[in-house]
Amino acid sequence: MPELPEVEIARRSLQTWLKGHEVVRAHAEPVRVFRGAERRDFEKVTGKLMKADRRGKYLMLQFSSGEGALCHLGMTGKFVRRPAGQAEPYSRAQWVLETGEVIHFKDPRMFGRIEPAPNGEVGRLRAIAALGIDPLVDGLEWQQLKDAVGKSKTPLKVALMDQSRVAGLGNIHAAEALFRAGLHPARKPGTLDDAEWKKLTQAIHKSLAFALQAQEGDDEIHYVEEPGTKNPFLIYGRAGKPCQRCKTKVQSMTQGGRTSHFCSHCQPLKPKKGTHR
DNA sequence: TGACCCCTGGCC
DNA sequence: GGCCAGGGGTCA
């Protein structure tokens, strides 16, 4: 599931692939990915890639034609580079380079989104204006996290996934950060003390850094997996299995319509008295 | 603020 | 064969 790190990798890949090249033709399939946007406008998104920015899980691309695009990978969206003439399953949009190579936006489930817009408007679209702090672009200090999330009345994990507060965390990295910080996903944000906000901020940066370094120069993230498992994460997707730290059985619960995984021992709901401050 | 919906591959 | 995954938009 693309969260901030995967989108950042996509951004870097596009920059690499398009550097020194030119999109000579853009084509969009008649699919949901384009939502309300004029699909035909995508065909104007050509030329050299001038700028590739990311904010949260959104990519903002600007081209020398003057036309750009706002892209969201959704759950299964991905940019791939293929040789000329090679069919790509689930390709929803294509950029053809002067070399004949094709950059496909593939997205089997079509939760992704592409919105063509003139360069000057790409960064001002409503979806972008609504985003909160991006931990990589803006940096994220613990006071900022406390300000953005601390007043929320929703469970901590739900608040962390609220893109208008912190932009870029999804179900996986929110769960990972909470585990690293030793915080229960159902804690009320208002009950965290400063030490816990500091821990959580560090944990967010660590979780994102882990994902970004796991990628190592390739065009997609290859998480390092524990031997014998298919799951590289500390807590995400480990329901019913022993916690990697304390061997307590990992719990799962539904929050905001998403599954949350946590360890009731490492992430107690009631903060331990006297261990902080 | 929360429920519902979109969509389909993959897993049980 | 059926259910689950889930980001984000929309609507009550």
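Every chain is numbered from 1 and lettered A, B, ... according to where its sequence line falls, protein lines coming before strand lines. Values reported hereafter were calculated over all heavy atoms of this structure, with side chains retained and with hydrogens, waters and symmetry mates removed.
Salt bridge A/Asp53/A/Lys51: present, at least one basic N to carboxylate O contact under 4.0 Å. A/Glu115 has a carboxylate O that lies under 4.0 Å from a charged side-chain N of A/Arg113, or vice versa, which qualifies the two as a salt bridge.
The nucleotide whose nearest atom lies closest to any side-chain atom of A/Lys57 is, among B/dT1, B/dC7, C/dG8, C/dG8. With distances taken from any side-chain atom of A/Arg165 to the nucleotides C/dG8, B/dT8, B/dT1, the minimum falls on B/dT1. Distances were taken from every side-chain heavy atom of A/Gln163 (C-beta onward) to each of B/dG9, B/dC6, C/dG8; the shortest belongs to C/dG8. Considering only the side chain of A/Met161, C/dG7 comes nearest among C/dG7, B/dG9, B/dC7.
A/Glu98 places a side-chain N or O within donor-acceptor distance of the main-chain N or O of A/Glu22, the cut-off being under 3.5 Å. Looking at A/Gln163, its side chain does come within 3.5 Å of a backbone N or O of A/Met161 through a donor-acceptor pair.
For A/Gln144, the CD atom is densely surrounded, since the number of other residues' heavy atoms within 6.0 Å is greater than 12.
DNA chain B is contacted by both A/Pro108 and A/Gly257; A/Gly257 maps to the nucleotide lying nearer its 5′ end (nearest heavy atom per residue).
Once rounded to the nearest 0.5 Å, the distance linking CG of A/Leu4 with CG of A/Asp134 reads 5.0 Å.
Taking atom CZ of residue A/Arg109 and atom P of nucleotide B/dT8, one finds them 10 Å apart after rounding to whole Å. As a whole-Å value, the separation of A/Lys151 NZ from B/dT1 P is 13 Å. Atom CG of A/Asn171 and atom C1' of C/dG8 are 13 Å apart (whole Å). In this structure, CG of A/Asp162 is placed 16 Å from C1' of C/dG6, rounded to the nearest angstrom. Regarding A/Arg32, its CZ atom lies at a distance of 12 Å from the C1' atom of B/dT8, rounded to whole Å. When rounded to the nearest whole Å, the span between CD of A/Gln255 and C1' of C/dG7 equals 16 Å. Following rounding to the nearest Å, A/Glu6 (CD) and C/dG6 (C1') show an atom-to-atom distance of 13 Å. Between the P atom of C/dG8 and the CZ atom of A/Arg35 lies a distance of 11 Å, rounded to the nearest Å.
Contact annotation: A/Thr154 side-chain N/O to B/dG2 OP1/OP2 distance is not under 4.0 Å. Note on A/Tyr90: a side-chain N or O is less than 4.0 Å away from OP1 or OP2 of B/dG9.
No contact: A/Thr76 has no heavy atom under 4.0 Å from any strand. If you check every strand for non-hydrogen atoms under 4.0 Å, A/Met110 touches sugar and phosphate atoms only.
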Using nucleotides 9-12 of chain C, report all nitrogen or oxygen pairs with the protein that are shorter than 3.5 Å.
unit_1	atom_1	unit_2	atom_2	d
C/dG9	OP1	A/Tyr58	OH	2.5
C/dG9	OP1	A/Arg113	NH2	3.3

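Residues forming a ring-ring contact (aromatic ring centres under 6.0 Å, His included) with A/Phe179 (at least two apart in sequence, or on another chain): none.
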